[in-house]
Amino acid sequence: MTTRRNLLKSLGLGTIALTTLSTYSCSSDTQTAEVNSMPTHDDPEYWQKLRKQFMLSDDKVFFNTGTVGVMPRVVVEAVTKHLNYMAADVADWPYKDDSKERFISGYQDLMYIRTKVGKIINCDPKGIALTDNVTNAMSYIANGLDLKEGDEILTSNQEHPGGRCSWEVREKRDGVVLKQIEIPKPIQSPEEVLDIVVKNFTPKTKVLMLSHIISGSGAVLPGKEICAAARERGIFTILDGAQTVGNIRVDIQDLGCDAYVGCFHKWIGAPTGTGFMYVNPNRIKEVWTTVASAQWDNHEDDGYRFTQRGTGNFSILFGLDAALDFYFQVGHENWTDRVKFLGDRLRNGLAENKKVKFFNPADSSMCAGLSVYNIDGFTGEQLQDAYWEKGRMRPRNVGEVFGVRHSTHIFNSSDEIDKAISIVNELSA
Ligand SMILES: Cc1ncc(COP(=O)(O)O)c(C=O)c1O
């Protein structure tokens with residue numbers, strides 16, 4: 001930026017150009033160039049060309065989006081451009097906390113971004129708060145609900161600690177009862193899970209918290225049916241969507257849950273430290289804020305209450321905004337269909353090998369971009385290491401028994417999937 005300023009000065013354009021620079025815009029020249037080089041949807045080589053929008057090295061293969069996603073180049077550029085601006089030219093900034101082009105993390109309502117999120121998950125952006133991740137989104141809800149000793153929180157034995165532990169705190173602190181029901185691994189059908197959940201409701205059940213996609217098995221739970229059954233009994237429903245947005249389509253209106261938490265740093269390819277919490281605007285007033293600043297009692301825009309949590313990282317918000325735009329450019333269905341197509345290709349290919357044991361649901365309509373499997377005689381660590389040695393491929397070890405969790409994403413190719421299948425066949429021969 002400083003170099004550009006000197007150049008402009010040397011061209012006698014200093015005053016005009018500096019005025020322009022003082023209005024920071026998140027669309028850089030390089031970003032525009034990259035966006036322009038996006039393939040058109042009718043291009044027969046669409047996915048190969050889209051792969052070039054990612055900076056991932058060609059000599060290794062990433063299969064661990066379930067842990068952390070990969071940022072497209074435009075996202076990295078948006079973050080670094082803003083970081084550079086903050087370091088070199090922040091004095092140009094005429095502090096205005098109402099500017100849509102300047103995301104002041106932790107203070108502004110960030111409605112500009114929340115509206116885009118609302119479009120992706122189909123809900124009123126006033127019910128959305130931006131958070132750092134799923135763990136703090138869930139903590140806001142767990143800490144914010146009025147619950148009394150003896151009230152039951154129903155959850156499963158397969159929840160991630162980031163979704164579960166804030167309820168453990170309530171259990172220890174306030175005497176609420178955290179009931180963890182057994183969900184099988186693998187699950188056979190949506191009806192099986194629904195039946196287990198419903199059987200475990202009691203008159204004391206006040207909250208139901210379940211993963212929408214279980215991280216340890218990739219199972220997409222029948223969220224709509226489960227939430228409907230809970231709602232009939234007046235139970236507050238929360239779905240943990242850490243593994244969903246960008247993996248499957250999430251439609252909050254259709255799901256009918258009271259609350260939903262998720263992140264963008266896995267399947268949407270945003271910078272790490274970007275998450276959200278949604279609470280139905282009819283119920284959000286019941287949730288106290290945990291982290292308070294000036295807007296803590298703002299019930300005109302409740303999502304803002306939870307978004308206002310003190311100074312955070314401004315630059316990653318520019319990255320998040322770029323990631324959401326990238327997602328829209330690829331297109332909701334195009335993106336999630338591709339994730340599912342590659343996941344199905346992997347599972348179908350591996351299913352031909354009788355030595356592969358799956359922990360995904362048997363019903364393929366309950367599977368998307370996460371596959372969990374092992375082969376006879378291997379631990380997860382051994383299988384993960386063998387993948388690296390033989391193919392420089394990186395799925396993730398998920399333990400002795402369960403083997404690896406293998407994520408498929410839009411930057412992966414059919415060839416990579418086929419090569420992975422051949423590695424497993426070779427190892428199990
Ligand atoms: C189902 C589930 N819930 C919660 C989390 C925690 O997410 P975060 O690290 O964004 O807080 C994860 C992370 O993998 C997860 O898979």
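Counting starts at 1 for both ligands and their atoms, in listed order. Predicted model only: the values in this text are computed from it and were never measured.
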* **H265: numbered ligand 1 atoms lying under 4.0 Å from its heavy atoms** => 10 (O)
* To do: Give the intermediate values and the outcome of ring pair (Phe, Tyr, Trp, His ring centres under 6.0 Å) for residues F314 and Y107.
  => CA-CA 10 Å; F314 297 14; Y107 282 90; 8.5 Å; no
* Answer with side chain, backbone, both or neither: which part of E159 has a heavy atom less than 4.0 angstrom from an atom of ligand 1? => neither
* **Taking atom 1 (C) of ligand 1 as the reference point, the nearest protein heavy atom with its distance** => D240 OD2, 3.5 Å
* Without swapping roles, check the side chain of S156 against the backbone of Q158 for a donor-acceptor pair under 3.5 Å. => yes
* Would you mind running through ligand 1 and noting each atom that sits below 4.0 Å from a heavy atom of A242? => 1 (C), 2 (C), 3 (N), 4 (C), 5 (C), 12 (C), 15 (C), 16 (O)
* To do: Considering the heavy atoms of T135, write down every atom of ligand 1 situated less than 4.0 Å from one of them.
  => 6 (C), 8 (P), 11 (O)
* Regarding D415 and S413, is there a side-chain donor-to-acceptor distance under 3.5 Å anywhere? -> no
* Asked: By number and element, which atoms of ligand 1 are closer than 4.0 Å to a non-hydrogen atom of K266?
  -> 13 (C), 14 (O)
* Which ring pair (Phe, Tyr, Trp, His ring centres under 6.0 Å) pairs, counting each pair once, include a residue from residues 330-387, with sequence neighbours left out? -> Y327-H332, Y327-W335, W335-H409, F359-F402, Y373-H406, Y387-H406
* Tell me which part of V134 gets within contact of ligand 1: side chain, backbone, both or neither, using heavy atoms under 4.0 Å. => both
* Could you say whether the N/O atoms of S211 and ligand 1 ever approach to under 3.5 Å? => no
* The one among R164, H160, H212, Q243 that brings a heavy atom closest to atom 12 (C) of ligand 1 -> H160
* Pairs in or reaching into residues 192-227: which pass ring pair (Phe, Tyr, Trp, His ring centres under 6.0 Å), with residues at least two apart or in two chains? -> H212-Y260
* More than 12 foreign heavy atoms under 6.0 Å from CD of Q253: is that the case here? -> yes
* May I ask you to establish whether K119 and F328 are in a cation-pi arrangement, using a distance under 6.0 Å from NZ or CZ to the six-membered ring centre and at most 45° from the ring axis? => yes
